[in-house]
Every structure is written in structure tokens, then in C-alpha cells.
Amino acid sequence: ISGSGTAEQDLLSWNAGTSRWNNRTVAAALKGAGTSSILIGDSSSAPATENIVIGQSAGSASMGAGCIAIGTDALDGTSSAVTDCIAIGRGALSAACTQNNTVAIGLNALNAQTTANNNVALGRSAGLAVIDGGNNTFLGNQAGAAITSGTDNTFIGHNCCNSTTTTGFGNTAVGAV
């Protein structure tokens, strides 16, 4: 596709639960339109440059540049202070407000994070309760799920510190705890 402006296409999909056809609009901003963003999904939005937003209610109308949001409600609470973040999974980085360079992959990964930079969470509910802090790594199902604040923490493994550690600096834990 080449050109500039916005392309919209109505799509029909069958909903077996309601036994009816749904009409959805898919929109993509074309290169040269000033945004170079790709938007796919009902109520997805991303006005800044170089964003990719796919999923129902994914992204935010005030999202900053260079973000990728894939999944229902991924990066949906963002502001223009959120740049260069990746959220893949339903509810990933859902409360994001002011942060940069953060990666959240998995259902509700870093779901509560509002003011933090350079965090990485891979796994369902990894870093679930983190509100602030930075340079943290959460790898595994519910790894560090109880952490609310702190920096330079590393939690690796299924349920690793998912209820025992809530704050801290420089913690490292490996394995199911």
C-alpha cells in the first residue's frame, strides 16, 4: 500500500455466541500521513508516530511514539510520556502512564505499572502489581507478581516471589518460591 491518509475497511465477522454478524472497521494510517502507525481493532487508537496497535481497546489516544500494543486492553491507559514500549497480551501494561523502554509479554504482565522505565516481564501476570521502579526483570508465570515498587530486581521461575517480596532493591531469586 502506498500513498497518504487513512484507509478504512469494514469487515464482517460471525459471532457464534450471539448468532449474528458483527461489523468492525479496520483502519490503517498510511505512510506519509504524519503518523506512520498501524491500527487494527475496535476502539484501538495511537495518534503519535510509528506505533503498531492491534486489538480491541488496545493503545491510547494519547500514546507516545514507537510503541507496539497487541491484545485487548494492551497499553490502553497510556499517555504521551510512554514511548518505545512493547505490550503483547490482554491487559499487558494496561495502566502505563509515564515510562520508556518497557517490555511486557503475557496476560496482565506489568498490568499496574504507571511510572517506571526499563522493566521486562515475560509470562502471565509477571510483575502484575508493579506500580513504580525500574530495571526489573520478571520471567515466568506470576514471577514477582506481588512486587509493587523497587529497582534492579530479577525474578525467574514459576511463581517466583509472587507473594513474599513486595518492595526492594537488587533482589535476585530463581525458582518457584
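The figures here come from the full heavy-atom set of this structure, side chains too, leaving out hydrogens, waters and symmetry mates. Note that the numbering runs from 1 along the sequence shown for the chain.
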Fill in: side-chain contact (heavy atoms from CB on, under 4.5 Å) between Ile131 and Ser149, worked out
CA-CA 6 Å; Ile131 296 170; Ser149 64; 5.9 Å; no
Fill in: Side-chain donor or acceptor of Asn162 paired with backbone N/O of Gly144 under 3.5 Å
no
Worksheet item: Side chains of Ile156 and Phe138: does their closest heavy-atom pair fall under 4.5 Å?
Response: no
Worksheet item: Do you know which two heavy atoms are closest between Gly170 and Asn153, and how far apart they sit?
Response: N-OD1, 3.5 Å
Fill in: From CG (Leu128) to OG1 (Thr148), nearest 0.5 Å
11.5 Å
Practice prompt. Can you measure from CZ (Phe155) to OG1 (Thr137) and round to the nearest 0.5 angstrom?
Written response: 10.0 Å
Worksheet item: Who passes side-chain contact (heavy atoms from CB on, under 4.5 Å) against Asp84, sequence neighbours left out?
Response: Asn101
Response to the item:
Between the CZ atom in Arg124 and the CZ atom in Arg90, the distance rounded to the nearest 0.5 Å is 10.5 Å
Worksheet entry | Closest contact, heavy atoms only, Ser163 versus Ala146 | CA-CB, 3.7 Å
Worksheet item: Short question: side chain of Asn51, backbone of Cys67 - any donor-acceptor pair under 3.5 Å?
Response: yes
Worksheet item: Would you say the side-chain atoms of Asn108 and Ser125 include a donor-acceptor pair closer than 3.5 Å?
Response: no
Worksheet item: Looking only at atom types and distance, does a side-chain atom of Thr172 sit under 3.5 Å from a main-chain N or O of Thr154, one as donor and one as acceptor?
Response: no
Item to complete: Evaluate the side-chain contact (heavy atoms from CB on, under 4.5 Å) criterion for residues Ile52 and Ile54: first the C-alpha distance (whole Å), next the side-chain angles of each, then the deciding distance (0.1 Å), finally the verdict.
Response: CA-CA 7 Å; Ile52 298 172; Ile54 301 172; 4.1 Å; yes
Worksheet item: Do Thr102 and Asn119 have side-chain N/O donor and acceptor atoms under 3.5 Å apart?
Response: no
Worksheet item: Given Asn135 and Thr151, is the side chain to side chain donor-acceptor pair (under 3.5 Å) satisfied, shown in steps?
Response: CA-CA 6 Å; Asn135 306 315; Thr151 58; over 6 Å; no
Worksheet item: Do you know the tightest heavy-atom contact between Ala69 and Gly59?
Response: CB-N, 4.2 Å
Fill in: Considering all heavy atoms, the nearest Ala92-Ala104 contact
CB-O, 3.9 Å
Response to the item:
Rounded to the nearest 0.5 Å, the CD1 atom of Ile70 sits from the CD1 atom of Ile86 at a distance of 9.0 Å
Practice prompt. Identify whether Ile68 and Ile40 are in the same connected component of the hydrophobic contact network (ILVMFWY, side-chain heavy atoms under 4.5 Å).
Written response: yes
Worksheet item: Looking only at heavy atoms, what is the nearest atom pair of Ala173 and Cys160, with distance?
Response: O-SG, 3.4 Å
Worksheet item: Under the 3.5 angstrom rule, does the side chain of Asn111 hit a backbone N or O of Gly91 as a donor-acceptor pair?
Response: yes
Worksheet item: Among the clusters formed by ILVMFWY side chains lying less than 4.5 Å apart, do Leu107 and Leu139 turn up in the same one?
Response: no
Practice prompt. Pick out which of Leu110, Val120, Leu122 makes a side chain to side chain contact (heavy atoms under 4.5 Å, CB included) with Ile105.
Written response: Leu122
Worksheet item: What's the spacing between Asn136 CG and Asn117 CG if we round to 0.5 Å?
Response: 11.0 Å
Worksheet item: Which heavy atom of Gln113 sits nearest a heavy atom of Leu93, and at what distance?
Response: NE2-CD2, 3.9 Å
